[in-house]
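Working notes, structure below.
No experiment lies behind these values; they were computed from the predicted model shown. Below, all heavy atoms of this structure are taken into account, side chains as well, without hydrogens, waters or symmetry copies.
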Amino acid sequence: MSGLEIERKFLVRKGDAYKGVAFSSSHIQQGYIPADGATVRIRIRDNQAYLTIKSKSVDGGLSRYEFEKEITLDEARQLLKLCRGGVIDKRRYLVKSGPHTFEVDEFYGDNAGLVMAEVELKTADEPFKKPDFIGPEVTGDRRFYNSVLLTCPFCEWKDTLPAEYR
């Protein structure tokens, strides 16, 4: 897969409401290989692995070019050894809302307590219906980028958020 990725990110209120309406969930581990001008991610999602390269965003984090290719689990395990800062560990829940699917990520380790949702759109102004558990938008807030969570984990700054989001 390659092309323009348009997505919006949101905080999720405390509680398990999203788990009760999820139609699927998977375990994800991902790391980042240092690169100038792009984000290079290695991801293992259950029993599948991917190499993803994303360009920098020019519109406040809303959209950017994305290239993704499936790789073998062995290749991913070897490439994870090249990643800087460790590995993000999370569980992703998929929740339908109208014609859209929200990806709700529950983080573990140093990012435990952080739950975020994102929705991919076809256009930047495409309307969508947010599920009730979705809170404020954090699109473009670098603190919530997975690649940043490795170097500045949620445990270090969670007290800056209202209690219902930590």
**Request:** Answer whether the closest heavy-atom distance between the side chains of Ile44 and Leu80 falls below 4.5 Å.
**Result:** yes
**Asked** Measuring from Asp74:CG to Leu79:CG, what's the distance to the nearest 0.5 Å?
**Response** 9.5 Å
**Message:** If you count every heavy atom of other residues, nucleotides or ligands that lies below 6.0 Å from Asp132 atom CG, does the total exceed 12?
**Reply:** no
**Passing candidate, side-chain contact (heavy atoms from CB on, under 4.5 Å) with Leu121, options Arg8, Glu7, Glu5** = Arg8
**Complete:** dist Arg41:CZ -> Tyr50:OH (nearest 0.5 Å) comes out at 10.5 Å
**Message:** Pair Val104, Phe133 - check side-chain contact (heavy atoms from CB on, under 4.5 Å), show working.
**Reply:** CA-CA 10 Å; Val104 181; Phe133 55 81; 3.9 Å; yes
**Message:** If I compare all heavy atoms of Leu11 with all of Phe144, which pair ends up nearest, and what's the gap?
**Reply:** CD2-CE2, 3.5 Å
**Item:** Heavy-atom closest contact (Trp157 atom, Arg143 atom, distance)
**Value:** CZ2-O, 3.5 Å
**Request:** Quick one: closest heavy-atom pair of Ser25 and Asp46, and the distance?
**Result:** O-OD2, 4.2 Å
**Prompt:** Any sub-3.5 Å donor-acceptor pair from Asp110's side-chain atoms to Cys155's backbone N or O?
**Reply:** no
**Request:** Give a yes or no on whether Asn47 atom CG has more than 12 heavy-atom contacts from other residues, nucleotides or ligands under 6.0 Å away.
**Result:** no
**Request:** Report whether Tyr108 and Tyr165 are members of the same hydrophobic cluster (ILVMFWY, side-chain heavy atoms less than 4.5 Å apart, transitive linking).
**Result:** no
**Request:** Determine whether Val21 and Tyr93 fall in the same hydrophobic cluster, where Ile, Leu, Val, Met, Phe, Trp and Tyr are linked whenever their side-chain heavy atoms lie under 4.5 Å apart.
**Result:** yes
**Message:** Can a donor-acceptor pair be found, under 3.5 Å and without considering hydrogens, that links the side chain of Arg92 to the backbone of Glu103?
**Reply:** no
**Request:** Kindly give the heavy-atom pair with the smallest separation between Val95 and Ala22, and that separation in Å.
**Result:** CG2-CA, 3.9 Å
**Item:** Flag if over 12 foreign heavy atoms under 6.0 Å of CZ, Arg84
**Value:** no
**Item:** Joint cluster assignment, Met116 & Tyr18, ILVMFWY side-chain distance < 4.5 Å
**Value:** no
**Closest non-hydrogen atom pair between Cys83 and Gly31, with its separation** = SG-C, 3.4 Å
**Asked** How about Lys81 and Gln78: do any of their side-chain heavy atoms sit closer than 4.5 Å?
**Response** yes
**Request:** Indicate, with yes or no, if Ile42 and Val87 share a hydrophobic cluster defined by side-chain heavy-atom contacts under 4.5 Å among Ile, Leu, Val, Met, Phe, Trp and Tyr.
**Result:** yes
**Asked** Does atom CZ of Arg45 have more than 12 heavy-atom neighbours, drawn from other residues, nucleotides or ligands, at distances under 6.0 Å?
**Response** yes
**Request:** May I ask you to test the Leu149-Leu114 pair for a side-chain heavy-atom distance under 4.5 Å?
**Result:** yes
**Item:** Lys158, NZ atom: more than 12 neighbouring heavy atoms under 6.0 Å
**Value:** no
**Message:** With a 3.5 Å distance limit and no angle check, can you tell me whether Ser97 reaches the backbone of Lys129 through a side-chain donor-acceptor pair?
**Reply:** yes
**Message:** So Glu126 and Ile6, do their side chains get closer than 4.5 Å, heavy atoms only?
**Reply:** no
**Side chains of Glu120 and Thr101 in contact at under 4.5 Å (non-hydrogen atoms)** = no
**Prompt:** Under a 4.5 Å side-chain heavy-atom rule over Ile, Leu, Val, Met, Phe, Trp and Tyr, are Ile28 and Val115 clustered together?
**Reply:** no
**Item:** Test: Lys54 and Glu66 ion pair at under 4.0 Å
**Value:** yes
**Request:** Could you tell me whether a side-chain N or O of Ser55 sits under 3.5 Å from a main-chain N or O of Tyr65, the two making a donor and an acceptor?
**Result:** yes
**Prompt:** Between the main-chain N or O of Ile134 and the side-chain N or O of Arg13, is there a donor-acceptor pair closer than 3.5 Å?
**Reply:** yes
**Message:** Among Val40, Val148, Asn146, exactly one meets side-chain contact (heavy atoms from CB on, under 4.5 Å) together with Tyr32. Which residue is that?
**Reply:** Asn146
**Prompt:** If you look at every heavy atom in Ser57 and Leu62, which pair is closest and at what distance?
**Reply:** OG-N, 3.7 Å
**Salt bridge present between Glu106 and Arg91 (N-O < 4.0 angstrom)** = no
**Prompt:** Just wondering, are more than 12 heavy atoms of other shown residues or ligands nearer than 6.0 Å to NZ in Lys19?
**Reply:** yes
**Complete:** dist Glu75:CD -> Leu51:CG (nearest 0.5 Å) comes out at 9.0 Å
**Asked** Parallel, tilted or perpendicular for Phe102 and Phe10, by the 30°/60° rule?
**Response** tilted
